[in-house]
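What follows is a set of notes on a single structure, which appears directly below.
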Protein chains: 2
Amino acid sequence: MPRATGTPSPRTTPDRIPLSRERVLRTAVVLADRAGVGALGMRSLARELAVDTMSLYHHVRDKEDLLDGALDLVIDEIVLVGDRPGWRPTLRATILEARATLKRHPWAKGVIVTRTSGTPAFLRYMDSIVGLLRDAGFSLDLVHHTIHVMGSRLLGFSQDLFDDPDHPPDPRVAAIGARQLAMTWPRVGELAIAVSHEGGLGGCDVDVEFEIALDVILDGLERMRAAD
Amino acid sequence: MPRATGTPSPRTTPDRIPLSRERVLRTAVVLADRAGVGALGMRSLARELAVDTMSLYHHVRDKEDLLDGALDLVIDEIVLVGDRPGWRPTLRATILEARATLKRHPWAKGVIVTRTSGTPAFLRYMDSIVGLLRDAGFSLDLVHHTIHVMGSRLLGFSQDLFDDPDHPPDPRVAAIGARQLAMTWPRVGELAIAVSHEGGLGGCDVDVEFEIALDVILDGLERMRAAD
DNA sequence: ACCTGAACACCGTTCAAGT
DNA sequence: ACCTGAACACCGTTCAAGT
């Protein structure tokens, strides 16, 4: 016995929030946050929402659209800073804001690198950055170079080679691995031993390294701007 | 009627090269080069080799091992340059060598960003780079920073945001898209129009941009070295 | 002892039968 | 007209039956 819309059934069934694209995407983010992007399947997402798998396709074109939409929600979380004096502190703070946001959603980096076109929130983000630089006197040409020099660092992450950002290795296994490495590859091994805390470098703090690299690049931008 | 090993059948069946890990991995590279990493499945690879799917598991632990091995062959193709005067020209030429190699195997970038541990050829490559910098007087600390500043650029590619490196867009559609973009996002749109050739910037040559960014970063390294 | 085909447990998505 | 369950066409991999 179906009822008119807007009149929820008073029976034992709990009030069902109607499915919507917004609810589908928000739940996708929550699911990926909790269990990783590998757990974000159409079937598992539907189970999470307690709906039929096929009902999802009413709000989402396909899996790609689902990932685009979930990622867009994450990028939309980045709060734009606007109260800093000068382009350099503003850009630096914005990028660290983006980094903090992506840290809350560790799966997002991996999704970003598979996307081929910008989502609305990403375009909004880029528009504010381009505007910031243009207002500071950067030429179009220089803004273009800036985007290529920065690359993924604009969104707060660097594409490091062969590391698992979600699961930092146990320092003790890292130290053992570094010593084994040194047997075959003495020079990279020496470095690994140093970085794994035994050599006095005090381990590798990726956040510190990110900021160091960011400042090196910001230095470069300032010089490019002066020479432009 | 099986024959002794080494005595190929003289019948209609063509001489079968016996399956080996090497042959499996080399064929995987060829298949991915031709049809993309999406076409590199256990079943399709077996078909390419004209063997049973399950026979592959005799030479490869699983799919991850297959990807690791195929990628290792690619990285092993990078020829190390050793005849340049000074660390900066040597590093620059090595990185551009790596870029040329990855360009011959467009799928490799996408595989690299999913790997979590270094393959043998990658360690050999890194060992030569660490050695180059150490021999030039870089401290361990500075080499460590260098690796983080460089990131994926060490292997000749930058992680740009939202672009499809394999399929550069048609300039004409790009120009139309840029103009549509400018309606909603004026500042990023202005840049897109300029980059899509209409504004006089002459399009976007990713190879040129890569070298510009590389030189900016190499400048930064030289300054870090001077200050160290 | 070794190889291999069928089968398992998943995917994303189509499609037509059902209400 | 709308929803949805079964089914399709794929995966990577296990496992036991076969030679």
Side-chain angles (χ1 to χ4, degrees), chain A residues 1-9 11 13 15-21 23-25 27-29 31-32 34-71 107 110-111 114-116, chain B residues 1-9 11 13 15-21 23-25 27-29 31-32 34-71 107 110-111 114-116:
Chain A
M1 48 192 74
R3 285 163 166 269
T5 3
T7 315
S9 160
R11 303 284 257 82
T13 36
D15 290 359
R16 282 216 243 169
I17 313 154
L19 208 54
S20 67
R21 182 176 170 89
R23 205 159 82 86
V24 167
L25 297 179
T27 308
V29 170
L31 186 57
R34 190 205 311 147
V37 76
L40 186 53
M42 301 304 274
R43 283 174 169 86
S44 52
L45 178 57
R47 205 180 314 123
E48 185 82 10
L49 285 157
V51 300
D52 190 278
T53 304
M54 288 306 103
S55 305
L56 295 178
Y57 284 84
H58 215 251
H59 303 92
V60 137
R61 193 167 7 90
D62 52 17
K63 180 82 182 281
E64 289 293 286
D65 188 35
L66 173 71
L67 290 174
D68 278 337
L71 181 61
W107 53 273
V111 173
T114 65
R115 297 302 90 189
T116 79
Chain B
M1 48 191 75
R3 283 165 168 269
T5 5
T7 314
S9 160
R11 303 284 257 83
T13 36
D15 292 357
R16 280 218 244 168
I17 313 154
L19 207 53
S20 66
R21 181 175 170 90
R23 205 160 81 86
V24 168
L25 297 180
T27 308
V29 170
L31 186 58
R34 191 205 312 146
V37 77
L40 185 53
M42 301 303 275
R43 284 173 167 88
S44 52
L45 178 58
R47 205 181 313 125
E48 185 81 12
L49 285 158
V51 300
D52 189 279
T53 304
M54 289 304 105
S55 305
L56 295 178
Y57 285 84
H58 215 249
H59 303 92
V60 136
R61 193 168 5 91
D62 52 17
K63 181 83 181 281
E64 289 294 286
D65 188 36
L66 173 72
L67 290 173
D68 278 336
L71 181 61
W107 52 273
V111 173
T114 66
R115 299 300 91 189
T116 79

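Scope of the values below: all heavy atoms of this structure, side chains included, with no hydrogens, waters or symmetry mates.
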Provide, to the nearest angstrom, the distance between the [atom1] atom belonging to [X] and the [atom2] atom belonging to [N].
{"X": "Asp52(B)", "N": "dC15(D)", "atom1": "CG", "atom2": "C1'", "result": "14 Å"}
{"X": "Leu56(B)", "N": "dC11(D)", "atom1": "CG", "atom2": "P", "result": "13 Å"}
{"X": "Asp65(B)", "N": "dG12(D)", "atom1": "CG", "atom2": "P", "result": "14 Å"}
{"X": "Tyr57(A)", "N": "dT14(C)", "atom1": "OH", "atom2": "P", "result": "7 Å"}
{"X": "Leu19(B)", "N": "dC2(C)", "atom1": "CG", "atom2": "P", "result": "16 Å"}
{"X": "Met42(B)", "N": "dC11(C)", "atom1": "CE", "atom2": "C1'", "result": "17 Å"}
{"X": "Arg47(B)", "N": "dC10(D)", "atom1": "CZ", "atom2": "C1'", "result": "11 Å"}
{"X": "His59(A)", "N": "dC3(D)", "atom1": "NE2", "atom2": "C1'", "result": "12 Å"}

**Q.** Within-4.5 Å side-chain heavy-atom neighbours: Leu67(B) and Thr114(B)
**A.** no
Q) Would you say the side chain of Tyr57(A) lies within less than 4.5 Å of the side chain of Asp52(A), judging by non-hydrogen atoms? A) no
Quick one: which of [options] gets closest to the side chain of [X]?
{"X": "Met54(B)", "options": "dG12(C), dA6(D), dT4(C)", "result": "dT4(C)"}
{"X": "Lys63(B)", "options": "dG5(D), dG12(D), dG12(C)", "result": "dG12(D)"}
{"X": "Arg43(A)", "options": "dG12(C), dG12(D), dG5(D)", "result": "dG12(C)"}
{"X": "His58(B)", "options": "dC3(C), dT13(D), dT13(C)", "result": "dC3(C)"}

Q: Sort out the partner of dG5(D) for me: Watson-Crick or G-U wobble, both distances under 3.5 Å, none otherwise.
A: dC15(C)
Q: Quick one: look up who dC10(D) pairs with, Watson-Crick or G-U, both distances under 3.5 Å, and put none if it's unpaired.
A: none
(Q) For Ser44(A) versus Leu40(A), what's the shortest heavy-atom pair and its separation? (A) OG-C, 4.0 Å
Q) Closer than 4.0 Å, any side-chain N/O of Thr53(A) to the OP1 or OP2 of dG5(D)? A) no
Q.
I need the Arg47(B) CZ to Leu31(B) CG distance, nearest 0.5 Å.
A. 9.5 Å
Q) Could you walk me through whether Leu19(A) and His58(A) pass the side-chain contact (heavy atoms from CB on, under 4.5 Å) check? A) CA-CA 9 Å; Leu19(A) 208 54; His58(A) 215 251; over 6 Å; no
Q | P atoms of dC8(C) and dG18(D), separation to the nearest Å | A | 16 Å
